[in-house]
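Everything on this sheet refers to the single structure shown next.
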Amino acid sequence: EPNGYLHIGHAKSMNMNFRLAFDKLGVKSEDRRTIFRYDDTNPEAESKEYIDSINQDVRWLGWEPERTTYSSDNFEQLYQFALTLIKKGLAYVCDMSGPEIKAQRELALNRANARNSDRDPDAEFPLDPNLLPGRNRDTSVDRNLELFDKMKMGFFPEGSYTLRLKMDFESSNPNMYDLIAYRIKYTPHPHAGPGLCIYPAYDWTHGICDSLEKIDYSICTLEFEARREPYYWILWALDLYRPKVYEMSRLNLEYTVLSKRKLICLVDDKHVRGWDDPRMPTVSGLRRRGYNAKVINTFCQDIGATRAANVVELKKLEQTARTILSEESRRVMAALDPIEVVITNFAEAMTGKPLDYEVANSPTNESMGFHKVTATSTIYLDSSDFRSKADADYYGLAQNQAVGLKYLGGILVCDKVVESVDGKTKKLECHLDVSESPTKPKSWISWVPSDSLKCEVRVYNPLFVVTEPTSDWVQELNPQSEIVYENALVDPSASDLIDGTTVSKWKSNPAVQFERMGYYVVDYETEFHKDSNPTGKIVLNRTVSLKEEVAKKKISQAEKDKLDERRNQQKAQTEAKERRMQIEPVNYFKEWDDYKGKYSAYDDKGIPTHLADGTALAKSAIKKLAKELQKHVKQQAAWKKANES
């Protein structure tokens, strides 16, 4: 549905629909066909911007549909099918309000639950004919045709009437409680245009379009499993071809929300820069951050598709990026928070030595070529590579510890802190050790020359401070999710890669590895061009660090205590689930904490028959416990399968 930008969950779905499903079915590559359809039935939430972005993202990921279709292209056919069901007595126009329909469905569900528990629904939840089956269900065919035609012609206000399907109020599945097929809306459609007064609902549209397009499989996420029954009911009622349906678990990723409602909130409330903010899990956001199509598709292929619900670790995506970007990215040196270093004996130390050094663009791929690094009397180090005093675990420069300079080969000794602002070192005086037997340094650090390119570097961390955001997800946003270094410096050799005239929001822009720091990508806000605009703005975004790191947040003690409490609760819940999944079904009510000690007798399946005091359980109570045991069996099977894979 074009009501937002595609996110990484859609990328997983696309991998399933374009590749993995065919792999599972053993279909030859030349026989694989996938239709891409916009389910554009809700014009209030949809826009041309979303339609265009989805089209761009699908193709950027490398997928080529056999054809692209729109549900709205079938609006006339869908309308004719609605007339068919009205004439069959299987659809009717309803004037019940939203709250009335909600109360009607709650009553039907309560009656179904009572029947399933061997209780009398008429005694506990008596019928109200005005509510269930409702005052409109037995309206004549002619009257329904007349009202539906007036709905289509725009005679009624929005919300006054709907067309509903005459399904099954006796079912245990609430999705069979006379679903709405059409509602009145006067919003212009982003694809079909203005002039429509009624719009078909998703449940009515989905299966019919699948059938009209003669697809073999309709692949959905598990929350649609309960809608399989109405899917087939509609096709049965219309005597249409019935595709197969397959449900898989949706993608849940650590430190992320994928709900479109929450993503829209992030954008509308200015928590992020927009739909393509590099912190967003959207395909556009991931692309802007530097995750290219190969990274995303490899990640989706690796996690596969199962019915087991689980949360994928963020580090799996990050490690996939590191592996692929390591092979593709050119190395350059950079300083995010530069400290100026004046080498006081530069002329003496460099006498007879070259000032230009040829450095491999990749240490493992000679075909990527070389770039030049030039030594200057003033260089810049990143602030993370300097401390006033070193300790045993510190390997950078300090006033009591020298370091080696990569590629230059010299050993740098700090003599004096010349300038310090608000406790932060800004300038050092140092010299190069020219003695015959200099002390071997503990490390060799990166540096940049005085003519380096000034740029803005945006370092991105997880958007949330907890792995699985809760209902308080807005309060769990990470204030350190974006750290901006406005005066960063990058080796001037990178000017060959940075070209503001060719960057685009719809493609993967050039990526580099900042040595010892991480992988970065040129942002489309970049204006620099080494010839036509040498002073233009340069913006680079961090894709991922070189090694896994833990995002740190400056928080108050009270916030820390609250987060610790939440983490401990999550840990306790995870550990409790682990313990529960280890319990064999026959011992579930004997060993699990919620039931231990409550019962004294059990049947051969382990279902309790008597309370601890010897009182016999009612038949309905035993039936309820049997359902609880069956739920445990299913959860345990899914857990074991997930852990095996």
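This one's a predicted model, so the numbers in the text were calculated from it and none came from an experiment. Position 1 is the first residue of the sequence, and the numbers go up from there.
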Quiz item: How are the rings of Phe18 and Trp63 set relative to one another: parallel (under 30°), tilted (30 to 60°) or perpendicular (over 60°)?
Solution: parallel
Quiz item: What distance do Phe125 atom CZ and Asp120 atom CG have between them, rounded to the nearest 0.5 Å?
Solution: 11.0 Å
Practice problem: Among Glu482, Arg288, Gln480, find the residue that satisfies the side-chain hydrogen bond (donor to acceptor under 3.5 Å, both in side chains) test when tested with Tyr460. | Solution: Glu482
Practice problem: Determine the minimum heavy-atom distance between Ser117 and Ser620, stating which atoms define it. | Solution: O-CB, 3.6 Å
Quiz prompt | Thr221 side-chain N/O to Ser249 backbone N/O, donor-acceptor pair under 3.5 Å | solution = no
Quiz item: Can you find a pair of side-chain heavy atoms, one from Glu328 and one from Asn292, that are under 4.5 Å apart?
Solution: yes
Quiz item: Is there a donor-acceptor pair under 3.5 Å between the side chain of Ser326 and the backbone N or O of Thr323?
Solution: no
Quiz item: How many angstroms lie between CG in Asn110 and CZ in Arg115, if you round to the nearest 0.5 Å?
Solution: 10.5 Å
Quiz item: Is Lys24 reaching over with its side chain to a backbone N or O of Met16, donor-acceptor style, under 3.5 angstrom?
Solution: no
Quiz prompt | Ion pair check, Glu591 and Arg579, cut-off under 4.0 Å | solution = no
Quiz item: Are the side chains of His271 and Val474 in touch, meaning some heavy atoms are under 4.5 Å apart?
Solution: yes
Quiz prompt | SB check Asp118 Lys624 (cutoff 4.0 Å) | solution = no
Practice problem: Kindly compute the distance separating CG (Asn173) from CZ (Arg228), expressed to the nearest 0.5 Å. | Solution: 12.0 Å
Quiz item: Would you call Tyr177 and Leu132 a side-chain contact if the rule is heavy atoms closer than 4.5 Å?
Solution: no
Quiz item: Do Glu46 side-chain atoms and Thr41 backbone N/O form a donor-acceptor pair below 3.5 Å?
Solution: yes
Self-check item: Shortest non-hydrogen separation from Gly274 to Val267 and the atoms involved
Solution: C-CG2, 3.9 Å
Quiz item: Should Asn365 and Glu327 be marked as a side chain to side chain contact (heavy atoms under 4.5 Å, CB included) after you check the CA-CA gap, both sets of side-chain angles, and the distance that decides it?
Solution: CA-CA 8 Å; Asn365 185 354; Glu327 300 171 352; over 6 Å; no
Self-check item: Phe36 side chain near Ile54 side chain, heavy-atom distance below 4.5 Å
Solution: yes
Practice problem: Look only at the side chain of Thr470 and the backbone of Asp472, and say whether a donor-acceptor pair between them is shorter than 3.5 Å. | Solution: yes
Quiz item: For Cys220 and Arg227, what are the C-alpha separation, side-chain angles and deciding distance, and is it a side chain to side chain contact (heavy atoms under 4.5 Å, CB included)?
Solution: CA-CA 10 Å; Cys220 309; Arg227 294 160 102 162; over 6 Å; no
Quiz item: Any side-chain heavy atom of His10 within less than 4.5 Å of one from Asp57?
Solution: no
Quiz item: Under 4.0 Å between a Lys/Arg side-chain N and an Asp/Glu carboxylate O for Asp603 and Lys605?
Solution: no
Quiz item: Less than 4.0 Å between a side-chain N and a carboxylate O, is that true for Arg37 and Asp39?
Solution: yes
Quiz prompt | Donor-acceptor under 3.5 Å (Lys623 side chain, Asn116 main chain) | solution = yes
Practice problem: Evaluate whether atom OH of Tyr395 has more than 12 neighbouring non-hydrogen atoms of other residues, nucleotides or ligands under 6.0 angstrom away. | Solution: no
Quiz prompt | Interatomic distance, Trp275 atom CH2 to Ile264 atom CD1 [nearest 0.5 angstrom] | solution = 4.5 Å
Quiz item: Could you give the distance from OH (Tyr588) to OH (Tyr602), rounded to the nearest 0.5 Å?
Solution: 12.5 Å
Quiz item: Any side-chain heavy atom of Val245 within less than 4.5 Å of one from Asp210?
Solution: no
Exercise. Would you kindly say whether Tyr524 and Asp276 are connected by a side-chain donor-acceptor distance under 3.5 Å?
Key: yes
Quiz item: Between His7 and Thr256, is any side-chain donor less than 3.5 angstrom from a side-chain acceptor?
Solution: no
Quiz item: To the nearest 0.5 Å, what is the distance between CE (Met517) and OG (Ser446)?
Solution: 5.0 Å
Self-check item: Asp385/Arg516 salt bridge by N-O under 4.0 Å criterion
Solution: yes
Quiz item: Does a donor on one side chain and an acceptor on the other come within less than 3.5 Å for Ser384 and Asp382?
Solution: yes
Quiz item: Do any N or O atoms from the side chain of Arg273 and from the backbone of Arg279 form a donor-acceptor pair under 3.5 angstrom?
Solution: no
Practice problem: Quick one: closest heavy-atom pair of Ala114 and Pro121, and the distance? | Solution: CB-CA, 4.0 Å
Quiz item: Is a side-chain N or O of Glu476 found less than 3.5 angstrom from the main chain of Val465, in a donor-acceptor match?
Solution: no
Quiz item: With a 4.5 Å limit on heavy-atom distance, are the side chains of Tyr520 and Val459 in contact?
Solution: yes
Quiz item: Do side-chain atoms of Asp391 reach the backbone of Tyr394 as a donor and acceptor pair under 3.5 angstrom?
Solution: yes
Self-check item: Passing candidate, side-chain contact (heavy atoms from CB on, under 4.5 Å) with Arg542, options Asn461, Val521, Ile483
Solution: Asn461
Quiz item: Between Arg32 and Asp23, which heavy-atom pair has the shortest distance, and what is it?
Solution: NH2-OD1, 2.8 Å
Practice problem: For the residue pair Phe464 and Leu477, establish whether any side-chain heavy-atom pair is separated by less than 4.5 Å. | Solution: yes
Quiz item: Does Lys424 offer a backbone N or O that forms a donor-acceptor pair with the side chain of Asp422 under 3.5 Å?
Solution: no
Practice problem: Begin with the C-alpha distance, continue with both residues' side-chain angles, and end with the deciding distance and a verdict on side chain to side chain contact (heavy atoms under 4.5 Å, CB included) for Asn175 and Tyr231. | Solution: CA-CA 10 Å; Asn175 291 291; Tyr231 179 96; over 6 Å; no
